[in-house]
Student: 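Sending over a structure as structure tokens; questions will come in a sec.
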Amino acid sequence: MSNSELYFDVEDHRWPIIYSPGYNITCLGLEKLHPFDSAKWGRIFEFLRESGMVDESTIVAPREPTQEQLLKVHTKRYLDSLKISDILNYGEIPEWSFKVASITEVPVAAFCPNFIVNRRVLRPLRLQMGGTVLGGKLAMEQKWAINLGGGFHHCSSDNGGGFCAYADITLSIRYLFEKYPQIKKVIIIDLDAHQGNGHERDFMEDPKVFILDIYNRRIYPHDGFAKRAITRRVELDYYVQDAEYLANVEKNVSRALDEFQPDFILYNAGTDILDGDPLGGLAISPEGIIKRDEIVFSQARTRDIPILMVTSGGYQRNNARIIADSIINLWRKELIKCEKAEEFLQQRQRVNSDSDADAVKKKSKSK
């Protein structure tokens with residue numbers, strides 16, 4: 001298998017948790033002009049590492065999709081649009097990043113050279129896309145996987161938006177159908193605050209894909225056409241709080257799984273439902289988000305259905321801490337586990353502790 005393959009074998013001492021430092025976006029300070037925390041993914045990993053759950057040697061780094069792999073989901077016209085400008089009244093101006101500026105909602109990015117935007121913005125998003133694809137394979141092998149990034153649910157095969165430039169959810173599901181003949185049906189459980197119009201457009205009228213979408217109907221994207229693809233739709237109003245929200249999640253997740261009986265769950269776990277989010281408009285507490293994720297994983301594990309979680313939207317600085325706390329909660333509740341990874345990390349910690357003790361002894365003897 002070549003180094004360009006998005007599916008590859010992973011050592012058994014690694015958690016099915018996918019992350020790379022390459023996920024994080026820095027682009028001459030332009031990332032600070034959008035409320036999205038462009039270093040969220042790295043901060044999630046740091047919190048997990050500080051908890052003692054993981055370190056760099058026990059997680060999985062994905063590969064970036066090639067142009068050929070991107071064309072499995074995207075039209076060439078769309079991919080080309082990420083490389084050149086739109087056509088203005090006075091003609092086409094190459095090398096500037098108008099399309100990317102529109103997708104990321106940072107207008108001044110339009111005047112940033114495209115080679116910089118490609119390296120500093122698009123490449124991290126492509127790498128996260130590779131993580132979502134690989135997550136499908138790891139979930140099939142270990143019954144669960146978490147990509148600390150991904151969840152670009154506003155992007156479809158021929159259009160991006162809402163900080164979503166690549167259709168990672170669609171590509172991951174297409175890989176699952178292609179690589180695992182035993183997978184006949186996949187459910188997307190989209191619990192981001194926004195409607196997931198990208199994957200909805202891609203799987204319009206596809207009976208193999210069931211979409212459960214619970215979102216704030218008052219906010220972006222207001223995509224009426226894409227709503228036709230939603231199998232079970234729950235539209236919320238502004239400022240819904242924990243009790244109502246969690247009751248909706250528990251009831252609808254359970255009913256959707258019983259009705260469709262999927263072979264795989266792709267869980268889009270946006271945290272923009274958090275109270276105070278400038279774009280989400282809901283009022284869910286940190287504890288409510290942690291409980292939401294626990295409900296979804298409990299339903300999956302009870303039914304023995306492989307589940308892949310992606311982190312999607314969330315526009316406050318404390319989102320990373322909440323996501324990490326939720327993953328730690330799943331671990332402590334034994335809804336996720338990887339015994340070989342835990343044993344490997346414990347052994348490394350013992351070795352490091354012994355080395356530190358030896359160093360102290362040698363230092364004291366030399367005095």
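No hydrogens, no waters, no symmetry mates; every other heavy atom, side chains included, goes into these values.
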Student: Could you check whether Lys137 pairs with Asp9 (Lys NZ or Arg NE/NH1/NH2 to Asp/Glu carboxylate O, under 4.0 Å)?
Tutor: yes
Student: Test of understanding: with side-chain contact (heavy atoms from CB on, under 4.5 Å), list the residues that count as partners of Pro16, not counting sequence neighbours.
Tutor: Leu138, Gln142, Trp144, Ala145, Cys338
Student: State the CG-CG distance between Asn319 and Asp277, to the nearest 0.5 angstrom.
Tutor: 6.5 Å
Student: Please list, chain by chain and in numerical order, all residues satisfying side-chain contact (heavy atoms from CB on, under 4.5 Å) with Lys184, sequence neighbours excluded.
Tutor: Asp263
Student: How about Arg350 and Gln346: does a side-chain donor come under 3.5 Å of a side-chain acceptor?
Tutor: no
Student: For Thr302, what residues pass the side-chain contact (heavy atoms from CB on, under 4.5 Å) criterion, not counting sequence neighbours?
Tutor: none
Student: In terms of side-chain geometry, is the basic nitrogen of Glu11 or Arg14 positioned less than 4.0 Å from the acidic oxygen of its partner?
Tutor: yes
Student: Is any NZ, NE, NH1 or NH2 atom of the basic residue among Arg77 and Asp158 found under 4.0 Å from an Asp or Glu carboxylate oxygen of the other?
Tutor: no
Student: Any carboxylate oxygen within less than 4.0 angstrom of a Lys/Arg side-chain nitrogen, looking at Lys291 and Asp242?
Tutor: no
Student: Enumerate the ring-ring contact (aromatic ring centres under 6.0 Å, His included) contacts for residues 169-206, please, sequence neighbours excluded, ordered by first and then second residue.
Tutor: Tyr7-Tyr175, His154-His194
Student: Apart from Leu345 itself, what residues make up its hydrophobic cluster when side-chain heavy atoms of I, L, V, M, F, W and Y under 4.5 Å apart count as a link, directly or indirectly?
Tutor: none
Student: In Å, rounded to the nearest 0.5 Å, how long is the span from CG of Leu236 to CD1 of Ile219?
Tutor: 9.5 Å
Student: Does the distance from a Lys or Arg side-chain N to an Asp or Glu carboxylate O, for Lys333 and Glu294, drop under 4.0 Å?
Tutor: yes
Student: Whether the side chain of Asp202 engages the backbone of Thr170 through a donor-acceptor N/O pair (distance < 3.5 Å, no angle test) should be reported.
Tutor: no
Student: Linking directly or through intermediates, with side-chain heavy atoms under 4.5 Å: list the remaining ILVMFWY members grouped with Phe47, chain and number order.
Tutor: none
Student: Check the pair Asp213 / Lys227 against salt bridge (Lys or Arg N to Asp or Glu O under 4.0 Å), numbers first and verdict last.
Tutor: CA-CA 9 Å; Asp213 201 347; Lys227 287 181 184 180; over 6 Å; no
Student: Residues two or more places apart in sequence or in another chain: which of them pass side-chain contact (heavy atoms from CB on, under 4.5 Å) with Arg126?
Tutor: Glu64, Pro65, Leu70, Asn118, Leu122, Arg123, Tyr166
Student: Within 45 degrees of the axis of the six-membered ring of Tyr245 and under 6.0 Å from its centre: does Arg292 put its NZ or CZ there?
Tutor: no
Student: Side-chain heavy atoms under 4.5 angstrom apart, residues restricted to Ile, Leu, Val, Met, Phe, Trp, Tyr: same cluster for Ile187 and Met204?
Tutor: no
Student: Mind checking whether Leu71 and Leu171 sit in one hydrophobic cluster, side chains of I, L, V, M, F, W, Y counted as touching below 4.5 Å?
Tutor: yes
Student: Under the ring-ring contact (aromatic ring centres under 6.0 Å, His included) rule, what pairs show up with a residue in residues 118-142, not counting sequence neighbours?
Tutor: none
Student: Roughly how far apart are Asp168 CG and Ser172 OG, rounded to 0.5 Å?
Tutor: 7.5 Å
Student: Mind checking salt bridge (charged side-chain N to carboxylate O under 4.0 Å, His left out) for Lys76 and listing every partner two or more places apart, or none if nothing turns up?
Tutor: Asp80
Student: Other members of the hydrophobic cluster containing Phe344, with the 4.5 Å side-chain heavy-atom rule, please.
Tutor: none
Student: Holding to side-chain hydrogen bond (donor to acceptor under 3.5 Å, both in side chains), I want the full list of residues that pass it with Arg201, two or more places apart in sequence or in another chain.
Tutor: Asp223
Student: Which hydrophobic side chains are connected to Ile290, either touching it within the sub-4.5 Å cutoff or through other members that do?
Tutor: none
Student: Quick one, Glu235 with Arg233, criterion salt bridge (Lys or Arg N to Asp or Glu O under 4.0 Å). Give me CA distance, side-chain angles, the key distance, then yes/no.
Tutor: CA-CA 6 Å; Glu235 295 187 326; Arg233 180 168 77 241; 3.5 Å; yes
Student: Does the side chain of Tyr19 pick up a donor-acceptor pair with the side chain of Asn24 at under 3.5 Å?
Tutor: yes
